[in-house]
2 protein chains.
Amino acid sequence: MGRWEPNARGRLAEAALELYSERGFEQTTVAEIAKRAGLTERTYFRHYADKREVLFGGSELQDLLVEVIAGVPESTAPIDALAVGLEALAEVFDERRPFARKRQAVIAANPELQERELIKLASLSAALADTLRLRGVPEPAASLTAEVGVAVFKVGFERWIAASDDRPMAPVMRELLDGLKAVTAGGDGA
Amino acid sequence: MGRWEPNARGRLAEAALELYSERGFEQTTVAEIAKRAGLTERTYFRHYADKREVLFGGSELQDLLVEVIAGVPESTAPIDALAVGLEALAEVFDERRPFARKRQAVIAANPELQERELIKLASLSAALADTLRLRGVPEPAASLTAEVGVAVFKVGFERWIAASDDRPMAPVMRELLDGLKAVTAGGDGA
DNA sequence: CATTCGATGTCAGTTACTGACATCGACAGT
DNA sequence: ACTGTCGATGTCAGTAACTGACATCGAATG
């Protein structure tokens, strides 16, 4: 144990989400976040590279997706491996729906935060493509599957968050994958 | 005519691309860009909202894509309308390949610029989805087609820029669309 | 008990970005 | 020609994100 309260990083993340929710991202200063977490501004920047990163700290989703897809038999078609991966993500999100809603409301209200979210998704796509290539999927199928997977995730996540009922994420993703197959087959996606 | 040199906005864009290329984005200050354009920092911020936006000023691509897709007969399947749109974009890019390479080199070297590029592509996707919906394409097909279209464009653009030969963009896009169809049909995308 | 070490604090500095106000020259109306 | 309006620019002061250099503290270690 150190001489300080433990989990400074987590305290900063919690303080930031609260303040961003209460006043909005722009109306919050890093100094205020740090103060609420019992720290100084300088210490904030030792834990997070910038004012936005505090909402995007973990890499658990990317790790999970990569792990699950890497575990699927190589004989599985890329699109089916993707489906399994999305299924696994869906479970995790279902467990944290209120948190996801709160966080997404903050992000939706600010373009700078949306930019950061998009680059995180791009990084997810790159990791996914790497994993697929390691499984023997050739280019450009690996990149295409990865990009399309993230595209489906984006649309599905939006719908899952916006749903007034609390429908779980997995069936949403499954339906979208079916819709995608219909669209690329030249149908109207109905 | 005003009392100043014309096209201040264009001069700023040109000066910025030069400086970002020579020294890198971070090592360039807005004051330097303004000075090279014969203006002041304050005036820079009247033309561009921030230091990054100067590389992303136009909306010509989005306008072109929307216009072309809006002009395709409604009986055309969404995926085919998309193909026509990508074809039109390809022509424009082929005409500006050296500029596109220079600009993309700058963007590739800096994550902040990549973030901005990604949100511009997201805006493109949203506009595309709107256009498809206006043409009677239902949800979620409209959103999926739009997201997938941008995904294909991203992969294709990368390959087009990176190609050592100067292969035009249109066939690259066509091959990727075929690869996508194969992947979503459950194949290995070969 | 002295030393090392990691996490934090303090402080000064740069730069992106903004608001308020001044200036200049073109143009329109008289 | 006179004058007032207007749009683009300049000037200046201020805030806040972010960084580098250095100090401090207490815990673990030998």
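In what follows, chains are A, B, ... by sequence order, proteins preceding strands, each numbered from 1.
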Mark yes or no for whether B:R9, through its side chain, and B:H47, through its backbone, hold a donor-acceptor pair below 3.5 Å.
yes

Atom pair distance, as rounded to whole Å: CD1 in A:I33 and P in D:dA16
13 Å

By nearest atom, which of the nucleotides D:dA16, C:dG19, D:dT9 is closest to the B:R42 side chain?
C:dG19

Tell me the interatomic distance from B:N110, atom CG, to C:dA16, atom P, rounded to whole angstroms.
12 Å

Please state how far atom CD in B:E5 lies from atom P in D:dT9, giving the value in whole angstrom units.
11 Å

Which whole-number value in Å describes the distance from A:F45 CZ to C:dT8 P?
15 Å

D:dG10 phosphate, OP1 or OP2: any side-chain N/O from B:T40 under 4.0 angstrom?
yes

note: B:W4, atom CH2; C:dT23, atom C1'; distance rounded to Å ~ 9 Å

Protein-nucleotide distance (A:E112, atom CD; C:dC17, atom P), rounded to Å
9 Å

What do the steps show when you test A:W160 against A:R167 for side chain to side chain contact (heavy atoms under 4.5 Å, CB included), and what is the final call?
CA-CA 7 Å; A:W160 174 78; A:R167 192 182 179 209; 5.9 Å; no

Heavy atoms from C-beta onward define the side chain here; which of C:dA16, D:dA17, C:dT8 lies closest to that of B:K51?
C:dA16

note: B:E41, atom CD; C:dC17, atom P; distance rounded to Å ~ 9 Å

Taking C-beta and beyond as the side chain, do B:T184 and B:L180 meet within less than 4.5 Å on heavy atoms?
yes

Given C:dA16, D:dA17, D:dT9, the nucleotide with the shortest approach to the side chain of B:V30
C:dA16

Ignoring hydrogens and angles, does a donor from either the side chain of B:R46 or the base of D:dG7 sit under 3.5 Å from an acceptor on the other?
no

For a 4.5 angstrom cut-off between non-hydrogen side-chain atoms, does A:Q27 reach A:E22?
no

If the cut-off is 4.0 Å, is B:H47 near the phosphate of D:dT9, judged by side-chain N/O to OP1 or OP2?
yes

Under 4.0 Å between a side-chain N or O of A:T43 and OP1 or OP2 of C:dG9?
yes

So what does A:A8 hit on the nucleic acid, given a heavy-atom distance under 4.0 Å: a base, only sugar-phosphate, or nothing?
sugar-phosphate

Quick one: do B:R101 and B:E158 make a salt bridge, cutoff under 4.0 Å?
no

Using whole Å, what does the distance between atom P of nucleotide D:dA16 and atom CG of A:D50 come to?
17 Å

